2 protein chains.
Amino acid sequence: MARRSDHSRDELREMALNAAEDIVAKEGYFALSTRRVATAIGYTVGTLYLVFRNFDDLILQINARTLDALSARLARAEGEPEGVARVLALGRAYLGFATERPRLWRMVFEHRMAAGAPLPDWYGEKVARLFGVVENALRPVLQDRPDPELMTAARVIWSGVHGICLLEVTERLEAVGSPPGAALVESLIVQYLRGLRASA
Amino acid sequence: MARRSDHSRDELREMALNAAEDIVAKEGYFALSTRRVATAIGYTVGTLYLVFRNFDDLILQINARTLDALSARLARAEGEPEGVARVLALGRAYLGFATERPRLWRMVFEHRMAAGAPLPDWYGEKVARLFGVVENALRPVLQDRPDPELMTAARVIWSGVHGICLLEVTERLEAVGSPPGAALVESLIVQYLRGLRASA
DNA sequence: ACCTGAACACCGTTCAAGT
DNA sequence: ACCTGAACACCGTTCAAGT
């Protein structure tokens, strides 16, 4: 052993991320470990540290891919006609993504950096881009409104849809005997926007 | 050693839960371990297993206390005059609780049972009771509406407020340059209810 | 240069053995 | 009866040593 060079650094990285994604998708965040990923790709743990800074970094890289996939999904909703319909399509797309990949989606929001370590800039930028998509869809709906109100509305709808997805994905909705998430997303967006447009 | 009987089972339980709460409150979910709790109360790990079924059970017991504290906090908001004001008070109380005890609050929603093990009944009942508080506050506001609509509204508002708390507590709001959570909670509740009442 | 294998300091959980 | 202490099978991380 030692000095195998069966795979380039990039290939190693790709293999590790795929294996890790697989574990999370099938068994969830807490089943993920460096040792399992190493075994899955046929290397020892030590090798992973040649490719990732540490476990946090590995998780962050998976989350980055999840965020990119989510972006791609939301981009499809941007084909909808401008207006409330497009905002609704975004909400449904978000819910669809969350319910189809519940474990990867949850990891994005549950992972916490080791105390003190801030999220890297490129990560914050990916999140900001998602907010931007919602703001853009909202602009035509609230075109006569001041900018801060648009920002507030985008965040209310975003976090509202996010909260609904969470309760749906963690099965806290059905536990309490509830309409399906899609109905809640629709009610939230339609009524909230109606209220906003009806107000002064 | 062995056979100390310095403390009754109940005292042991109480001491362990207090120590564990302290660790979570100060350092978060991931700093919690059976060994740390044991050390903090001056016993060995083995002793904890005389009082808790396992680590999951210990966490569940802490979460139960957090849910009770949350219930108590929301109960105070029930003193507000009936109507939108009371719903708003509930939303603010929820946000207040989440921001004051961010780490304990998060643990309630992030903890997952070991694969397959369902949440115990008494736990589901505590959550259902919280939903009930929101439904009750909403009833006078939507008194002319059919029951399913009330349920939907309660869940939309609950998960919306929850989502706002999450983004606030995990600092994903300020990262993206946002109005404070309280403004979002108010916008959500006021405009959503306005929309609902304006509709047919 | 690349990768291993063993070490270190941790985990949750169990249970024979001591008092 | 009550609690310990050691064991077991795991962790993340590091790094001297092998090829």
Side-chain angles (χ1 to χ4, degrees), chain A residues 1-17 19-24 26-63 107 110-117, chain B residues 1-17 19-24 26-63 107 110-117:
Chain A
M1 298 286 152
R3 176 153 204 151
R4 313 191 333 188
S5 285
D6 289 347
H7 304 280
S8 72
R9 224 76 318 181
D10 278 0
E11 283 171 330
L12 232 45
R13 204 185 99 94
E14 198 63 16
M15 289 160 62
L17 286 179
E21 250 176 19
D22 220 57
I23 293 169
V24 175
K26 283 183 184 137
E27 304 177 46
Y29 188 4
F30 292 100
L32 189 64
S33 77
T34 54
R35 282 177 155 89
R36 279 197 62 181
V37 172
T39 304
I41 64 172
Y43 280 79
T44 33
V45 237
T47 303
L48 282 184
Y49 287 80
L50 299 171
V51 180
F52 302 101
R53 219 154 45 74
N54 50 31
F55 193 46
D56 260 13
D57 185 37
L58 167 61
I59 292 173
L60 228 46
Q61 304 292 339
I62 303 173
N63 285 348
M107 189 168 76
E110 288 181 4
H111 174 246
R112 305 276 66 214
M113 298 298 288
Chain B
M1 300 283 151
R3 179 154 203 152
R4 316 191 330 190
S5 284
D6 288 347
H7 304 280
S8 72
R9 220 98 287 202
D10 278 0
E11 284 171 330
L12 232 45
R13 204 186 99 95
E14 198 63 15
M15 288 161 61
L17 287 179
E21 251 176 17
D22 220 58
I23 293 169
V24 175
K26 283 183 184 138
E27 304 176 46
Y29 188 5
F30 292 100
L32 189 63
S33 78
T34 55
R35 283 177 154 90
R36 280 196 62 181
V37 173
T39 304
I41 64 173
Y43 281 78
T44 32
V45 237
T47 302
L48 281 184
Y49 286 80
L50 300 171
V51 180
F52 302 102
R53 219 154 44 73
N54 50 32
F55 194 45
D56 260 12
D57 185 37
L58 168 60
I59 292 174
L60 228 46
Q61 304 292 338
I62 303 173
N63 285 348
M107 189 169 76
E110 288 180 5
H111 174 247
R112 306 276 66 215
M113 298 299 287

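All figures in this text were calculated on a predicted structure; none of them were measured in a lab. Just so you know, these numbers use all the heavy atoms, side chains as well, and skip hydrogens, waters and symmetry mates. Chain identifiers are assigned alphabetically (A, B, ...) following the order of the sequence lines, protein sequences preceding nucleic acid strands; residue numbering begins at 1 within each chain.
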To the nearest angstrom, how far is Arg35(A) atom CZ from dA7(C) atom P?
13 Å
Looking at CD of Gln61(B) and CD1 of Ile59(B), how far apart are the two atoms once the value is rounded to the nearest 0.5 Å?
11.0 Å
What is the separation between atom OH on Tyr49(A) and atom C1' on dA7(C), rounded to the nearest whole Å?
14 Å
Quickly work out the Arg36(B) CZ to dA9(C) P distance and round it to whole Å.
18 Å
Does Thr47(B) put a side-chain nitrogen or oxygen below 4.0 Å from OP1 or OP2 of dT4(D)?
yes
Heavy-atom nearest nucleotide on DNA chain D for Thr34(A) versus Arg9(B): which residue maps closer to 5'?
Arg9(B)
Given DNA chain D, 5'-ward residue of the pair Gly46(A) and Ala31(A), judged by closest heavy atom:
Ala31(A)
Side chain of Leu12(B) - closest among dC3(C), dC11(C), dC3(D):
dC3(D)
dA17(C) pairs with which nucleotide, Watson-Crick or G-U wobble, both distances below 3.5 Å?
none
Enter the distance from Met15(B):CE to Tyr43(B):OH here, rounded to the nearest 0.5 Å.
6.0 Å
Distance check needed: dC2(D) P versus Glu11(B) CD, whole Å only.
13 Å
Partner of dC8(D) under the Watson-Crick or G-U wobble criteria, both distances under 3.5 Å, comes out as dG12(C)
Does the side chain of Leu58(A) reach to within under 4.5 Å of the side chain of Leu17(A), using non-hydrogen atoms?
yes
To the nearest Å, how far apart are Leu48(A) CG and dT4(C) P?
10 Å
Using Watson-Crick geometry (N1-N3 plus N6-O4 or O6-N4) or G-U wobble (N1-O2, O6-N3), each under 3.5 Å, dC3(D) is paired with none
Nearest whole Å is fine: how far is dT13(D) C1' from Asp56(A) CG?
13 Å
Between Val45(B) and Val45(A), whichever has its closest DNA chain C nucleotide further toward 5' is Val45(A)
Write down the distance between CG (Leu58(B)) and P (dC11(C)), rounded to a whole number of angstrom.
14 Å
Atom CZ of Phe52(A) and atom P of dG12(D) are separated, to the nearest Å, by 13 Å
Regarding Phe55(B), tell me which of base, sugar-phosphate or nothing describes its non-hydrogen contacts under 4.0 Å with the strands shown.
sugar-phosphate
Think Thr44(B) has a side-chain N or O under 4.0 angstrom from the OP1 or OP2 of dC3(D)?
no
With side-chain contact (heavy atoms from CB on, under 4.5 Å) as the criterion, how do Tyr29(B) and Ile62(B) come out once you've worked through the C-alpha distance, each side chain's angles and the decisive distance to 0.1 Å?
CA-CA 11 Å; Tyr29(B) 188 5; Ile62(B) 303 173; over 6 Å; no
Pairwise side-chain contact, Val37(B) with Thr34(B), heavy-atom cut-off 4.5 Å (strictly under)
no
